[in-house]
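Okay, structure first, notes after.
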Amino acid sequence: MIAAQRPLGPVLLTAASTAIIVMSAWALSASAAFALEVLAGRWGMSRIALVWTRLRMARHHARRSELHAAQGAEPPPGLSTEGREAWLSQNGWCAARKRAAHARYPRPRDRVPLFPTALGNALVSVSTETRRKYGLDLALCWDPFVKALDAPVREELIAAATRVFARVQGLMCAAAASFWAILIPGVWPRLLWVLMCAGLVWAAHRSLRGGVEDYCRHVTDVFAIHRVRLYQALGLEPPAVVQDEVSCGVTLNAVLSRRIPAGSPPIRYQWPPAYEQLVHVASVEQGDDQPCSWHVSEAAPS
C-alpha cells in the first residue's frame with residue numbers, strides 16, 4: 001500500500017487522492033454538456049438508435065395528444081351540484097399539472113419533430129415558442145440577446161443554466177457510483193448497492209427534469225420582458241403593436257443572418273444620437289451624483 005511506504009507514503013497518498021478528485025471534477029465539468037445532449041435525445045444514426053428514437057417519439061406523440069385532450073375535460077354526467085364542485089376542485093390540480101406538461105412540448109403547427117426524451121422536448125419548446133410568439137430564431141439571436149441584457153438579469157440566467165449543469169453532474173455521479181459494486185464483497189450487499197444507486201439515478205433524473213423545466217420557464221419569462229433590448233442593441237425598431245411582433249422578429253432574423261430577401265424595402269437602423277452616448281459614458285465614469293465636467297455640444301452632430 002502507498003500509505004505504508006514511509007516516509008513519503010502519506011504524502012503520495014494525499015497527492016494521488018487530490019489528483020483523483022481534481023481530475024474527476026474536471027471530467028464532470030467537461031462532459032456535462034455532452035451528457036445533457038445525450039439525455040435530450042442525441043443518440044446517433046445507428047440502426048438501434050433510430051429504432052429506439054422512433055419508439056420514443058411515438059410515445060411522446062401519444063403523450064402530447066393525451067395532454068391536449070385532457071385540457072377540455074368535463075365532469076362525468078350524473079353528478080350532483082356538490083359532486084360536480086368537488087370534481088372541479090380536485091381536477092384543478094391535475095389540470096394545472098397537465099397544462100404545464102403540455103407547455104413543454106412543441107405544438108403540431110410548429111412543424112418541428114418531437115424529441116425522444118422529455119428533456120429534449122422541453123428545451124426545443126422554448127425555441128418554438130419564441131418563434132411562434134415573437135418571430136425570433138433562438139439559434140440566431142440568443143448570444144446577442146444575452147449580451148444585451150442588464151447584468152443582474154444576465155447573471156440570473158447564467159445561474160439558472162449553472163443549476164441545470166450541476167444536476168447533470170449529480171446524475172453522472174449517481175450513475176458512476178454503481179461501478180463501485182465490484183469492490184463490495186458478497187452478492188446481496190452488491191445487489192443492494194446497485195439498487196440504491198438506481199434509486200439515486202432515478203431521483204437525480206427527476207430533479208434534472210424539474211431543473212430543465214424551471215430553466216425553460218425562466219428563459220420564456222426573460223424573453224417576454226426584455227426582448228425589446230435586443231432590438232435596441234441592434235439598432236432596429238421594436239414592434240409598435242402586438243400584430244407586428246412576428247414580422248419584426250422575422251426582420252431581425254434576416255438582419256442577423258444577413259439573408260435579406262432581394263427586392264425587400266430598406267431596413268433602416270435607429271442608432272441613438274452620438275451625444276447621448278457620450279453623456280451616458282460621462283455620467284457612468286463620474287457618478288450619477290456629479291455633474292459632467294465637460295461639454296458634449298462639440299461632439300453632437302450639427
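Ring geometry for Y105 versus H60: interplanar angle of 30 to 60°, hence tilted.
Considering every non-hydrogen atom in both A49 and G44, the closest pair reads CB-O, 3.8 Å. The heavy-atom pair separating A35 from V168 by the smallest distance is CB-CG1, 3.9 Å. What you find for A181 and R190 is that their closest heavy atoms are O-NE, 3.1 Å. When all heavy atoms of P106 and N121 are compared, the pair lying nearest together is CD-O, 4.0 Å. In this structure, N253 and L140 approach most closely via the heavy-atom pair O-CD1, 3.7 Å. The two atoms that bring R132 and V246 nearest to each other are O-CG2, 3.9 Å, heavy atoms only.
We find that E66 and R59 are not joined by a salt bridge, their nearest charged nitrogen and carboxylate oxygen being 4.0 Å or further apart. Note on R229 versus D150: salt bridge recorded, some NZ/NE/NH1/NH2 to OD/OE distance being below 4.0 Å.
Looking only at distances, a side-chain donor or acceptor of S178 sits under 3.5 Å from a matching main-chain atom of A175. Between the side chain of W193 and the backbone N or O of W188, no donor-acceptor pair lies under 3.5 Å. No donor-acceptor distance shorter than 3.5 angstrom exists from the side chain of R167 to the backbone of L208, with no hydrogens or angles considered.
Taking CG of L157 as the reference point, atom CG of D221 lies at 11.0 Å (rounded to 0.5 Å). Here E213 contributes atom CD and L123 contributes atom CG; the two are 10.0 Å apart, rounded to the nearest 0.5 Å.
Side chains of P108 and R64 form a contact here, defined as non-hydrogen atoms less than 4.5 Å apart. When side chains are defined from C-beta on, F223 counts as touching L138, because their heavy atoms get closer than 4.5 Å. Looking only at side-chain heavy atoms (C-beta outward), T130 and D137 stay at 4.5 Å or farther from each other. The shortest distance between side-chain heavy atoms of R97 and C94 falls below 4.5 Å. A heavy-atom distance below 4.5 Å is not found between the side chains of E237 and C248. Contact annotation: the side chain of R163 never approaches that of Y215 to less than 4.5 Å [non-hydrogen atoms, C-beta and beyond].
Within a 6.0 Å sphere centred on NE2 of H61, other residues, nucleotides and ligands contribute more than 12 heavy atoms. More than 12 non-hydrogen atoms from other residues, nucleotides or ligands lie less than 6.0 angstrom from CD1 of I225. More than 12 heavy atoms of other residues, nucleotides or ligands shown are found within 6.0 angstrom of CZ on R107.
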